[in-house]
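In this text the structure is predicted, and so the values were computed from the model without any measurement. For ligands, and for the atoms within them, numbers begin at 1 and follow the listed sequence. In this chain, residues are counted from 1 in sequence order.
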Amino acid sequence: MPGLTIGDSLPNLQIDTTHGTIKLHDYVADSFTIIFSHPGDFTPVCTTELGAMAAYSHKFAERGVKLLGLSCDDLNSHKEWIKDIEAYNNGKKVTYPIGADPTREIIKQLNMVDPDERDPSGDIVPSRALHIVGPDKKIKLSFLYPASTGRNLDEVIRALDSLQKACKYKIATPANWKEGEEVVIAPSVSDDEARKMFPAGFKTAHLPSNKHYLRFTHVQ
Ligand code: BEZ
């Protein structure tokens, strides 16, 4: 089934959240924004994930990133659940908004429906979807996990660091890259351009093909 994916524009949906009603484009404004969904309130993995998001919120703020959680239950339920999330996570405050979606229209439009899960009344529920939206309101990266698998927030931060660097420089990040490590120069950049573009210089891997496409450099 087709659905919202990388490169698509974020629909400008209106969402009722624990911080008031928002329109998605106004909320994103000119920031990177992470929109992440959860199968349901008062469920075990979700409680750990929302708490982890709260614990990492300073890391997202340092990167200029806004957060928006989404779970279909209503706002009263979210407000009660937040007390559990904060208590379980040593009092760390949930400072980001959590949206409600009682009609399930939002999760459908954001491609966040879990095909294999239903709530006790038989209604559809969200998967553990996470979209990183750019300041241009386009989906830059999506994670799609089933209800049984909690997400790794270090991987979210790592992917975000890669995306933000690739927005700034003509680079990409290699397998298992971490902040501070070498990046690779985009194939569209010639060696002559690379010499001007990357003051740190670059080194080219010698490969059996003798093609000089794997070039490493350092950027800030
Ligand atoms: C959970 O958050 O733990 C969960 C929610 C729905 C199905 C399975 C697990």
Enquirer: Any side-chain to backbone donor/acceptor pair from Ser37 onto Ser127? Under 3.5 Å, distance only.
Expert: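 Side chain of Ser37 to backbone of Ser127: a pair is present.
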Enquirer: Using a 4.0 Å cut-off on heavy atoms, what residues surround ligand 1? Order them by chain and number.
Expert: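 Residues within 4.0 Å of ligand 1: Pro39, Thr43, Pro44, Val45, Cys46, Glu117, Arg128, Ala147.
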Enquirer: Would a 4.5 Å heavy-atom cut-off, applied to side chains only, mark Leu110 and Pro11 as touching?
Expert: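 The answer is yes, as the side chains (C-beta and beyond) meet within the 4.5 Å cut-off.
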Enquirer: For the residue pair Trp81 and Thr47, confirm or rule out a side-chain donor-acceptor distance under 3.5 Å.
Expert: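 Checked: Trp81/Thr47 side chains pair up, N/O donor to acceptor below 3.5 Å.
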Enquirer: Run through Ile34, Thr33, Val65, Ile35 and flag the one making a side-chain contact (heavy atoms from CB on, under 4.5 Å) with Ile132.
Expert: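 Going through the options one by one, the only one that passes is Ile34.
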Enquirer: For Ile98, which of Lys79, His78, His19 qualifies under side-chain contact (heavy atoms from CB on, under 4.5 Å)?
Expert: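 Among the candidates, only His78 passes.
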Enquirer: Distance only, no hydrogens: is a donor on one side chain within 3.5 Å (strictly under) of an acceptor on the other, for Asp119 and Ser121?
Expert: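 A pair is found: one side chain offers a donor N or O, the other an acceptor, under 3.5 Å apart.
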